[in-house]
Amino acid sequence: MRIESDLKLDFSDVLIRPKRSSLTSRKDVNLLRTFTFKHSRKVWHGIPIMAANMDTTGTFEMAKAFSKSRMLVALHKHYSEAEIVEFYERHDEEFLSHVFYSLGLVESDYKKLRAVKKAVGEKLWAICIDVANGYTEVFSSYVQKIRKEFPDLTIMAGNVVTGEMVEALVLAGADIVKVGIGPGSVCTTRKMTGVGYPQLSAIIECADAAHGLGALICSDGGLQVPGDVPKAFGGGADFVMSGSFFAAHDESGGDLLERDGKFYKLYYGMSSDTAMNKHSGGVADYRASEGKTVLVPYRGPVSDTIKEILGGLRSACTYAGAARLKDLSKCTTFIRVYRQLNNFYTGSEVKN
């Protein structure tokens with residue numbers, strides 16, 4: 001047993017220090033990024049914010065909405081082969097450049113990937129290999145296997161939270177490493193296992209490891225307010241993924257539910273009882289649920305939420321003096337705080 005006493009930070013532990021800026025308006029900020037991926041050598045151009053590959057957010061409908069803002073969606077892995085093929089075949093390459101195909105480690109996932117790739121060819125250009133625990137040797141071997149068979153695919157793989165595992169996955173063939181264990185709003189991994197890492201420190205350390213090898217990271221989870229998005233980018237994240245921000249919209253998965261005259265949608269972790277009962281026939285005897293299920297008030301079209309997030313990000317860039325999102329991490333100075341918000345009127349806001 002050993003104890004690390006180094007300071008580790010979450011989004012709520014810091015604020016971004018404002019600086020003098022020559023920018024005259026938020027509209028002058030350029031949020032578009034261009035990346036050339038280390039292994040696939042594919043070039044991508046857009047706003048690097050991504051809806052998570054959960055069945056409540058990683059939907060076909062969400063992909064259509066996000067592509068209009070040049071943002072990304074990682075599709076959930078529970079669509080059938082036929083549904084996925086039909087989706088890829090009826091859209092053009094520009095639209096599909098904002099879509100990641102998702103899969104896990106089981107043999108059926110691998111077989112489905114091979115079948116879909118054979119059917120749609122170059123239209124399937126990017127995949128998200130997603131597991132809760134990216135530290136197993138079998139996971140690194142799986143990434144290596146996929147890279148060898150599909151050298152042209154852009155591969156995002158995770159989740160991990162430390163630099164040495166980022167390096168291992170990049171060397172195995174990952175172009176983007178997904179970072180985050182336990183920070184999600186409907187994830188109970190930390191509660192059930194005691195395992196995790198404060199998200200901002202995970203981003204800072206993992207970005208340093210990935211960038212040193214010419215690869216990228218995607219921060220996955222931990223966002224509570226729009227201001228956490230610029231903090232993630234300021235800490236060095238290349239992409240930022242969220243589920244909770246994009247739940248309970250028209251484009252989100254799940255039925256609209258009514259309770260006492262108000263409307264809601266279910267939002268749940270993909271390791272929750274709800275998800276495993278829905279997709280796996282229940283929770284296996286050898287494991288426990290590591291997710292929870294919540295009712296989220298219905299939010300209408302996701303376009304309004306996208307506008308709010310991008311508006312906050314542009315404003316943060318002007319405060320930090322970054323004319324481009326690309327420059328935000330260079331312009332960011334974090335200051336430690338013990339309270340970042342005044343919550344005196346929380347719950348009393350008037351909704352227009």
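Taking CG of D28 as the reference point, atom CZ of R324 lies at 14.0 Å (rounded to 0.5 Å). Taken to the nearest 0.5 Å, the SG atom of C331 stands 10.5 Å off from the CD1 atom of I16. Between atom CD1 of residue I203 and atom OG of residue S329 there is a gap of 11.5 Å, rounded to the nearest 0.5 Å. With rounding to the nearest 0.5 Å, the separation of NZ in K123 from CG in D92 is 8.0 Å. Rounded to the nearest 0.5 angstrom, L124 CG and F150 CZ are separated by 9.0 Å. Atom-to-atom distance recorded for E4:CD and D6:CG is 6.0 Å, nearest 0.5 angstrom.
Hydrophobic cluster membership is shared by M165 and V138, with clusters built from Ile, Leu, Val, Met, Phe, Trp and Tyr side chains linked at under 4.5 angstrom. Taking hydrophobic clusters as Ile, Leu, Val, Met, Phe, Trp and Tyr residues chained together by side-chain heavy-atom distances below 4.5 Å, I306 does not share a cluster with M54. Cluster membership for M241 and I129, using ILVMFWY side-chain heavy atoms within less than 4.5 angstrom, is not shared. Under a hydrophobic clustering in which Ile, Leu, Val, Met, Phe, Trp and Tyr are joined whenever their side-chain heavy atoms come within less than 4.5 Å, directly or via other members, L23 and L32 fall into the same cluster. Note on M50: it does not cluster hydrophobically with F245, by side-chain heavy-atom contacts below 4.5 Å among ILVMFWY residues.
The backbone N or O of S12 sits nowhere less than 3.5 Å from a side-chain atom of D10 that would complete a donor-acceptor pair. At least one donor-acceptor pair under 3.5 Å links the side chain of S201 to the backbone N or O of L9. Remark: side-chain polar atoms of E251 are paired, donor with acceptor, to backbone N or O of V302 under 3.5 angstrom. Of the possible polar contacts, none joining the R33 side chain to the W44 backbone as a donor-acceptor pair under 3.5 Å is found.
The side chain to side chain donor-acceptor pair (under 3.5 Å) contacts involving residues 134-145 comprise Y135-T162, where partners must be two or more places apart or lie in separate chains.
Taking the six-membered ring where the residue is Trp, Y88 and Y101 present tilted rings, their angle falling between 30° and 60°. Below 30°, between 30° and 60°, or above 60°: for F66 and F246 the angle between ring planes is above 60°, a perpendicular geometry.
Think of L256 as one node in a network of Ile, Leu, Val, Met, Phe, Trp and Tyr side chains linked at under 4.5 Å; its network also takes in F263, Y298.
Between R147 and I155 the shortest side-chain heavy-atom distance falls below 4.5 Å. Inter-residue side-chain proximity for N53 and K77 is flagged as unmet; no heavy-atom pair is nearer than 4.5 Å. You'll find the side chain of Y79 stays beyond 4.5 Å of the side chain of V85, heavy atoms only. Considering only heavy atoms from C-beta on, L310 comes within 4.5 Å of I47 through its side chain. Using a 4.5 Å heavy-atom threshold, the side chains of M62 and H76 count as separate. Inter-residue side-chain proximity for D238 and H211 is flagged as met; some heavy-atom pair is nearer than 4.5 Å. N133 places none of its side-chain heavy atoms less than 4.5 Å from the side chain of F139. Residues M71 and H98 have side chains not in contact (no heavy-atom distance under 4.5 Å, counting atoms from C-beta outward).
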Could you go through residues 212-227 and list every donor-acceptor pair under 3.5 Å that involves a side-chain atom there, pairing it with any protein atom two or more places apart or in another chain?
unit_1	atom_1	unit_2	atom_2	d
S219	OG	Q199	NE2	3.1
D220	OD2	N159	ND2	2.9
D220	OD2	K178	NZ	3.0

Check: residues 102-111 side-chain donor-acceptor pairs under 3.5 Å, at least two apart:
unit_1	atom_1	unit_2	atom_2	d
S102	OG	L75	O	2.5
D109	OD2	G104	N	3.0
Y110	OH	E149	OE1	2.3

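For the ring-ring contact (aromatic ring centres under 6.0 Å, His included) test, residues two or more places apart in sequence or in another chain that qualify with F95 are F87, H91. Residues meeting the ring-ring contact (aromatic ring centres under 6.0 Å, His included) test with F100, sequence neighbours left out: W125.
Of all heavy-atom pairs spanning L328 and L313, the tightest one is CD2-CD1, 4.3 Å. For the pair A51 and T57, the tightest heavy-atom approach, listed with the atom from each and the gap, is CB-O, 4.0 Å. Minimum heavy-atom separation, V170 to H39: O-NE2, 2.8 Å. Of all heavy-atom pairs spanning K265 and H249, the tightest one is NZ-O, 2.9 Å. Counting all heavy atoms, side chain and backbone alike, S97 lies closest to E94 at OG-O, 2.6 Å. The heavy-atom pair separating V29 from A322 by the smallest distance is CG2-O, 4.1 Å.
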Worked verdict on K231 versus V14 for side-chain contact (heavy atoms from CB on, under 4.5 Å): CA-CA 8 Å; K231 290 178 187 179; V14 301; 4.2 Å; yes
Might you work through the side-chain contact (heavy atoms from CB on, under 4.5 Å) test for I176 and F35, ending with a clear yes or no? CA-CA 11 Å; I176 310 165; F35 295 115; over 6 Å; no
Verdict with reasoning, H45 to R70, per side-chain contact (heavy atoms from CB on, under 4.5 Å): CA-CA 8 Å; H45 185 66; R70 303 177 79 170; 2.9 Å; yes
Can you check side-chain contact (heavy atoms from CB on, under 4.5 Å) on R336 and D13, steps first, answer last? CA-CA 6 Å; R336 289 187 64 197; D13 297 320; 5.8 Å; no
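Side-chain contact of S315 with R26: a donor-acceptor pair under 3.5 Å is present, judged by distance alone.
Residues K117 and D152 are paired through a salt bridge, judged by an N-O separation under 4.0 Å between the basic side chain and the carboxylate.
Heavy atoms from other residues, nucleotides or ligands lying under 6.0 Å from NZ of K8 number more than 12.
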